[in-house]
Amino acid sequence: MEKMTVNVKGMSCGHCINSVEGNVGELSGVTTDKVNLDSGTVSVEFNPNEVSIDKIKETIDGQGYYISQPIPISLKYDNVQTFTNCSQH
């Protein structure tokens with residue numbers, strides 16, 4: 001599993017949350033997705049063998065929002081959820 005958080009512009013209300021979480025959450029391979037309006041971010045936990053980062057980004061873009069960073073930071077972790085490629089842990 002991988003987890004990524006991307007900055008998204010244009011989200012401002014409950015409809016935005018429902019739109020993004022509903023559509024991203026329906027993608028095969030996405031286990032969780034969470035919109036944070038205060039920070040303007042979308043966090044997604046997903047299986048990269050089932051869904052690509054590009055597909056997730058296309059789905060967000062398709063709802064009328066704009067990802068403001070070109071490539072999200074992605075962290076891989078093992079079954080005990082310890083970070084394996086994060087220099088801060």
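Numbers here simply count residues along the sequence, with the first being 1. Please read these numbers as outputs of a predicted model, since none were measured by experiment.
- Here CZ of F46 is found 8.5 Å from CE of M1. Values are rounded to the nearest 0.5 Å.
- Residues S43 and T5 approach most closely at OG-OG1, 2.9 Å, considering heavy atoms.
- Taking OG1 of T41 as the start and CE of M4 as the end, the distance is 11.5 Å to the nearest 0.5 Å.
- Atom CG of residue N36 and atom CG of residue N7 lie 10.5 Å apart, to the nearest 0.5 angstrom.
- Once rounded to the nearest 0.5 Å, the distance linking CE of M11 with OH of Y66 reads 14.0 Å.
- Here the closest non-hydrogen pair linking C16 and G10 is SG-O, 4.0 Å.
- Distance check, rounded to the nearest 0.5 Å: NZ of K55 to CD1 of I60 gives 12.0 Å.
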message: The test is side-chain contact (heavy atoms from CB on, under 4.5 Å); show your working for I67 and D61 and say whether it passes.
response: CA-CA 7 Å; I67 295 175; D61 286 339; 4.1 Å; yes
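- Separation of atoms OG1 (T59) and CG (D54) is listed at 10.5 Å; rounding is to 0.5 Å.
- For the residue pair V35 and E21, the shortest heavy atom distance occurs at N-OE2, 2.8 Å.
- Each of T32, V30, T31, L27 was checked for a side-chain contact (heavy atoms from CB on, under 4.5 Å) with V44, and the lone residue meeting it is V30.
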